[in-house]
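In listed order, ligands and their atoms are each counted from 1.
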Amino acid sequence: MTILVVHGPNLNLLGEREPGVYGTLTLDELNAKIREHGRAKGCEIRTYQSNHEGRLLDALQRARRWASGIVINPGAYGHTSYALRDCIAGINTPTVEVHLSDVEAREPFRKISTIADVCIAKISGRGPQSYLDAIDLLLRKG
Ligand code: DQA
(Lines give C-alpha, C1' and ligand atoms only; values in the text may rest on other atoms or scores of the structure.)
Protein backbone atom coordinates (compact mmCIF):
# COMPACT_ATOMS: atom_id res chain seq x y z
CA MET A 1 0.00 0.00 0.00
CA THR A 2 1.27 3.49 -0.83
CA ILE A 3 -0.17 6.48 1.00
CA LEU A 4 0.23 10.17 0.16
CA VAL A 5 0.42 12.51 3.15
CA VAL A 6 -0.36 16.10 2.16
CA HIS A 7 0.33 19.15 4.28
CA GLY A 8 -1.36 22.41 3.34
CA PRO A 9 -0.51 26.07 3.88
CA ASN A 10 1.77 27.24 6.68
CA LEU A 11 2.63 23.73 7.78
CA ASN A 12 6.13 24.27 6.36
CA LEU A 13 6.60 26.54 9.39
CA LEU A 14 5.98 23.80 11.94
CA GLY A 15 8.41 24.04 14.83
CA GLU A 16 8.47 27.84 14.78
CA ARG A 17 4.79 28.55 14.12
CA GLU A 18 2.69 28.93 17.29
CA PRO A 19 4.49 26.04 19.05
CA GLY A 20 1.99 26.23 21.93
CA VAL A 21 -0.74 25.20 19.45
CA TYR A 22 1.08 23.07 16.88
CA GLY A 23 4.02 21.68 18.87
CA THR A 24 7.77 21.90 18.38
CA LEU A 25 8.39 19.26 15.69
CA THR A 26 9.53 20.66 12.36
CA LEU A 27 7.83 19.46 9.19
CA ASP A 28 10.89 17.34 8.33
CA GLU A 29 10.79 15.73 11.77
CA LEU A 30 7.05 15.12 11.48
CA ASN A 31 7.51 13.55 8.03
CA ALA A 32 10.30 11.33 9.35
CA LYS A 33 8.01 10.14 12.15
CA ILE A 34 5.19 9.48 9.66
CA ARG A 35 7.48 7.60 7.26
CA GLU A 36 8.90 5.51 10.12
CA HIS A 37 5.35 4.61 11.20
CA GLY A 38 4.53 3.57 7.65
CA ARG A 39 7.71 1.50 7.37
CA ALA A 40 6.84 -0.33 10.60
CA LYS A 41 3.44 -1.16 9.11
CA GLY A 42 4.88 -2.24 5.76
CA CYS A 43 3.49 0.70 3.86
CA GLU A 44 5.21 3.28 1.69
CA ILE A 45 4.53 6.92 2.57
CA ARG A 46 5.11 9.83 0.22
CA THR A 47 4.78 13.36 1.54
CA TYR A 48 3.96 16.68 -0.07
CA GLN A 49 3.55 20.23 1.25
CA SER A 50 2.43 23.38 -0.51
CA ASN A 51 1.14 26.78 0.46
CA HIS A 52 -0.71 26.98 -2.87
CA GLU A 53 -4.23 25.69 -3.32
CA GLY A 54 -3.76 24.79 -7.01
CA ARG A 55 -0.57 22.87 -6.32
CA LEU A 56 -2.34 20.88 -3.65
CA LEU A 57 -5.07 20.02 -6.18
CA ASP A 58 -2.43 18.99 -8.74
CA ALA A 59 -0.74 16.69 -6.21
CA LEU A 60 -4.06 15.09 -5.22
CA GLN A 61 -5.09 14.59 -8.85
CA ARG A 62 -1.73 12.96 -9.68
CA ALA A 63 -2.07 10.69 -6.65
CA ARG A 64 -5.29 9.16 -8.00
CA ARG A 65 -3.02 7.18 -10.36
CA TRP A 66 -0.89 5.53 -7.67
CA ALA A 67 -2.04 6.16 -4.08
CA SER A 68 -4.22 3.67 -2.24
CA GLY A 69 -5.09 6.31 0.32
CA ILE A 70 -4.50 9.95 1.21
CA VAL A 71 -4.01 11.70 4.53
CA ILE A 72 -4.46 15.46 4.27
CA ASN A 73 -3.93 18.24 6.74
CA PRO A 74 -5.56 20.96 4.65
CA GLY A 75 -4.60 23.76 7.05
CA ALA A 76 -6.94 26.71 6.67
CA TYR A 77 -7.99 25.60 3.16
CA GLY A 78 -10.02 22.94 4.92
CA HIS A 79 -12.20 25.72 6.30
CA THR A 80 -12.59 27.63 3.03
CA SER A 81 -11.90 25.65 -0.12
CA TYR A 82 -14.65 24.09 -2.20
CA ALA A 83 -12.07 23.39 -4.92
CA LEU A 84 -10.26 21.11 -2.48
CA ARG A 85 -13.54 19.44 -1.58
CA ASP A 86 -14.45 18.83 -5.23
CA CYS A 87 -10.98 17.49 -5.95
CA ILE A 88 -11.19 14.91 -3.14
CA ALA A 89 -14.72 14.00 -4.26
CA GLY A 90 -13.44 13.49 -7.81
CA ILE A 91 -10.33 11.39 -7.32
CA ASN A 92 -12.02 8.34 -5.88
CA THR A 93 -9.23 7.64 -3.38
CA PRO A 94 -10.03 7.15 0.33
CA THR A 95 -8.95 10.29 2.15
CA VAL A 96 -8.67 11.13 5.84
CA GLU A 97 -8.72 14.76 7.06
CA VAL A 98 -6.31 15.45 9.91
CA HIS A 99 -5.42 18.41 12.10
CA LEU A 100 -2.71 18.68 14.75
CA SER A 101 -4.81 20.94 16.97
CA ASP A 102 -8.34 20.38 18.24
CA VAL A 103 -10.14 22.51 15.65
CA GLU A 104 -13.50 21.97 17.37
CA ALA A 105 -12.22 23.68 20.52
CA ARG A 106 -10.78 26.78 18.85
CA GLU A 107 -12.27 29.75 16.94
CA PRO A 108 -15.73 29.13 15.41
CA PHE A 109 -14.42 29.32 11.80
CA ARG A 110 -12.24 26.27 12.47
CA LYS A 111 -15.29 24.13 13.21
CA ILE A 112 -16.25 24.41 9.54
CA SER A 113 -14.80 21.76 7.26
CA THR A 114 -15.45 21.95 3.53
CA ILE A 115 -13.90 18.51 3.02
CA ALA A 116 -15.25 16.39 5.89
CA ASP A 117 -18.19 15.03 3.89
CA VAL A 118 -15.92 13.68 1.15
CA CYS A 119 -13.38 12.18 3.57
CA ILE A 120 -13.79 8.83 5.30
CA ALA A 121 -12.86 10.35 8.69
CA LYS A 122 -11.66 13.49 10.42
CA ILE A 123 -9.02 13.16 13.14
CA SER A 124 -7.93 16.25 15.07
CA GLY A 125 -6.36 17.35 18.31
CA ARG A 126 -3.89 14.50 18.70
CA GLY A 127 -0.77 16.33 17.46
CA PRO A 128 1.45 14.14 15.23
CA GLN A 129 -0.57 11.13 16.37
CA SER A 130 -3.48 12.45 14.25
CA TYR A 131 -1.47 11.52 11.14
CA LEU A 132 -0.40 8.11 12.50
CA ASP A 133 -3.98 7.24 13.46
CA ALA A 134 -5.15 8.29 9.97
CA ILE A 135 -2.59 5.96 8.37
CA ASP A 136 -3.72 3.10 10.62
CA LEU A 137 -7.32 3.79 9.64
CA LEU A 138 -6.48 3.63 5.92
CA LEU A 139 -4.51 0.40 6.48
CA ARG A 140 -7.46 -1.14 8.34
CA LYS A 141 -9.81 -0.18 5.50
CA GLY A 142 -7.25 -1.78 3.16
C1 DQA B 1 -4.52 22.98 11.39
C2 DQA B 1 -5.74 23.72 11.96
C3 DQA B 1 -6.19 24.81 11.01
O4 DQA B 1 -7.31 25.50 11.55
C5 DQA B 1 -5.09 25.80 10.75
O6 DQA B 1 -5.50 26.75 9.80
C7 DQA B 1 -3.82 25.15 10.36
C8 DQA B 1 -3.39 23.94 11.05
C9 DQA B 1 -4.01 21.94 12.38
O10 DQA B 1 -3.22 21.09 11.96
O11 DQA B 1 -4.33 22.00 13.57
O12 DQA B 1 -3.08 25.66 9.52
O13 DQA B 1 -4.93 22.29 10.21
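Atom CG of residue Leu100 and atom CG of residue Leu30 lie 6.5 Å apart, to the nearest 0.5 angstrom. Annotation: the span from Leu137 atom CG to Leu132 atom CG amounts to 12.5 Å, rounded to 0.5 Å.
Shown in contact with His79 at under 4.0 Å from a heavy atom are these atoms of ligand 1, numbered in order with element: 3 (C), 4 (O). Taking every heavy atom of Val103 and a limit of under 4.0 angstrom, the matching atoms of ligand 1 come to 2 (C), 4 (O).
In the displayed structure, Lys33 atom NZ is contacted under 6.0 Å by at most 12 heavy atoms of other residues, nucleotides or ligands. Shown here is Arg55, whose CZ atom has no more than 12 heavy atoms of other residues, nucleotides or ligands within 6.0 Å.
Heavy atoms of Asn73 come nearer than 4.0 angstrom to ligand 1 in at least one pair. Within the 4.0 Å heavy-atom cutoff, Glu97 does not count among the residues contacting ligand 1.
Remark: minimum distance from atom 11 (O) of ligand 1 to any protein heavy atom is reached at Ser101 OG, 2.6 Å. Ranking protein heavy atoms by distance to atom 1 (C) of ligand 1, first place goes to His99 ND1, 3.6 Å. From the protein, the heavy atom lying nearest to atom 12 (O) of ligand 1 is Arg17 NH2, 3.0 Å. Distance from atom 5 (C) of ligand 1 to its nearest protein heavy atom, with residue and atom name: Arg110 NH1, 3.3 Å.
Taking the six-membered ring for Trp and thresholds of 30 and 60 degrees, His7 and Tyr131 have ring planes inclined between 30 and 60 degrees apart.
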Verdict with supporting geometry, Ile115 and Ile72, side chain to side chain contact (heavy atoms under 4.5 Å, CB included): CA-CA 10 Å; Ile115 68 169; Ile72 183 166; 4.1 Å; yes

Check against side chain to side chain contact (heavy atoms under 4.5 Å, CB included), Glu104 and Lys122: CA-CA 11 Å; Glu104 306 296 333; Lys122 175 178 172 181; 3.0 Å; yes

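Backbone and side-chain nitrogen or oxygen atoms of Tyr22 are examined, and none is located within less than 3.5 angstrom of a nitrogen or oxygen of ligand 1. Taking distance alone, with nitrogen or oxygen atoms compared against 3.5 Å, Leu100 approaches ligand 1 more closely than that limit. Among the atoms of Ala76, some N or O lies under 3.5 angstrom from an N or O of ligand 1.
The two residues Ser130 and Gly125 have their closest heavy-atom pair at OG-N, 3.9 Å.
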